[in-house]
Amino acid sequence: MDDIFGVTGQEKDAEEYISKMKEVKSSKSFDSMELVAKTTTLRHLVNLVRPIQALLLEKLDLKTAKKIDELLRRIGLGLTHNEAVNDRDILIFCYEVMQEIYKTNDTPMSWDRDENYRTKRYLISMKTTKNSGNRGATTSHSYKMVRFSLDLLRSVLHKHDELQTPTNIAGFMPIIGDALVQ
């Protein structure tokens with residue numbers, strides 16, 4: 001993770017970083033995560049996804065968002081080739097990931113909308129687009145985990161026909177309906 005998102009990854013992405021060796025700027029971390037996802041057990045799968053969930057709650061620029069997309073894609077590819085992913089536990093994992101995202105998005109507002117408007121119109125924002133440190137950063141990336149979970153669910157159900165029972169799929173119907181509406 002540090003090779004992709006940490007100091008090492010930032011140094012490799014820096015435009016001033018000049019090296020004649022092509023290998024210095026390359027990263028095998030995506031390949032490593034795919035291999036780890038291919039060989040991990042379902043109990044340890046949460047440890048692969050939890051740091052990505054934490055990253056998605058922060059403000060991200062476009063480069064970091066693309067790295068997260070690629071990392072989630074690679075983890076999904078690794079999980080489709082994992083031999084341990086053939087029972088109902090992977091469906092439970094997908095469901096729990098989606099429920100955690102819904103819990104983090106359902107934070108209650110402390111003020112009523114009218115009170116918030118009345119207070120905000122008197123406040124002066126000292127941050128302009130020039131002064132803000134995160135230009136081009138946005139915070140609405142939690143949908144990426146839901147998409148990852150739905151893609152994983154789709155590929156597991158496509159690969160393992162025995163998991164396609166009404167009892168296994170019934171819990172996902174409200175979530176799929178919400179995903180279609182949003």
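These numbers come from the heavy atoms of this one structure, side chains and all, not from hydrogens, waters or symmetry mates. If you read the sequence from its start, that first residue is 1, and numbering goes on from there.
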Using every non-hydrogen atom in the two residues, find where [X] and [Y] come nearest and quote the distance to one decimal.
X      : Y      : result
Thr40  : Ala84  : O-CB, 4.3 Å
Cys94  : Ser149 : O-OG, 2.8 Å
Asp61  : Thr64  : OD1-OG1, 2.5 Å
Ser142 : Ile101 : O-CG2, 3.8 Å
Gly76  : Phe148 : N-CE1, 3.8 Å

Could you tell me whether Lys38 and Glu34 make a salt bridge, using a distance below 4.0 angstrom between a side-chain N and a carboxylate O?
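No, Lys38 and Glu34 are not salt-bridged.
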
Are any non-hydrogen side-chain atoms of [X] and [Y] less than 4.5 angstrom apart?
X     : Y      : answer
Met98 : Tyr95  : no
Thr80 : Val85  : no
Val97 : Gln53  : yes
Leu91 : Ile169 : no
Asp69 : Arg147 : yes
Phe30 : Leu77  : no
Leu42 : Asp87  : yes

Separation between [atom1] of [X] and [atom2] of [Y], rounded to the nearest 0.5 Å:
X      : Y      : atom1 : atom2 : value
Arg43  : Asp89  : CZ    : CG    : 11.0 Å
Leu71  : Arg74  : CG    : CZ    : 9.0 Å
Met173 : Ile176 : CE    : CD1   : 5.5 Å
Leu45  : Asn82  : CG    : CG    : 8.0 Å
Asn86  : Glu162 : CG    : CD    : 7.0 Å
Lys144 : Leu55  : NZ    : CG    : 12.0 Å

According to a hydrophobic-cluster definition based on side-chain heavy atoms being under 4.5 Å apart (Ile, Leu, Val, Met, Phe, Trp, Tyr only), do Leu35 and Ile52 belong together?
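As far as the 4.5 Å side-chain criterion goes, Ile52 and Leu35 are not connected within one cluster.
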
Do you reckon Ile92 sits in the same ILVMFWY cluster as Tyr102, going by side-chain contacts under 4.5 Å, direct or chained?
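Not linked; separate clusters.
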
Do other residues, nucleotides or ligands put more than 12 heavy atoms under 6.0 Å from Lys159 NZ?
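Enclosed: over 12 neighbouring heavy atoms sit under 6.0 Å from NZ of Lys159.
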
Evaluate side chain to side chain contact (heavy atoms under 4.5 Å, CB included) for Met145 paired with Val49, printing each intermediate quantity in order.
CA-CA 9 Å; Met145 284 305 295; Val49 177; 2.9 Å; yes

Could you please spell out the steps behind the salt bridge (Lys or Arg N to Asp or Glu O under 4.0 Å) verdict for Glu100 and Lys103?
CA-CA 5 Å; Glu100 284 183 29; Lys103 285 178 190 174; over 6 Å; no

So if I apply the side chain to side chain contact (heavy atoms under 4.5 Å, CB included) rule between Leu157 and each of Leu152, Leu163, Ile90, which one comes out positive?
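Of all the options given, the one that passes is Leu163.
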
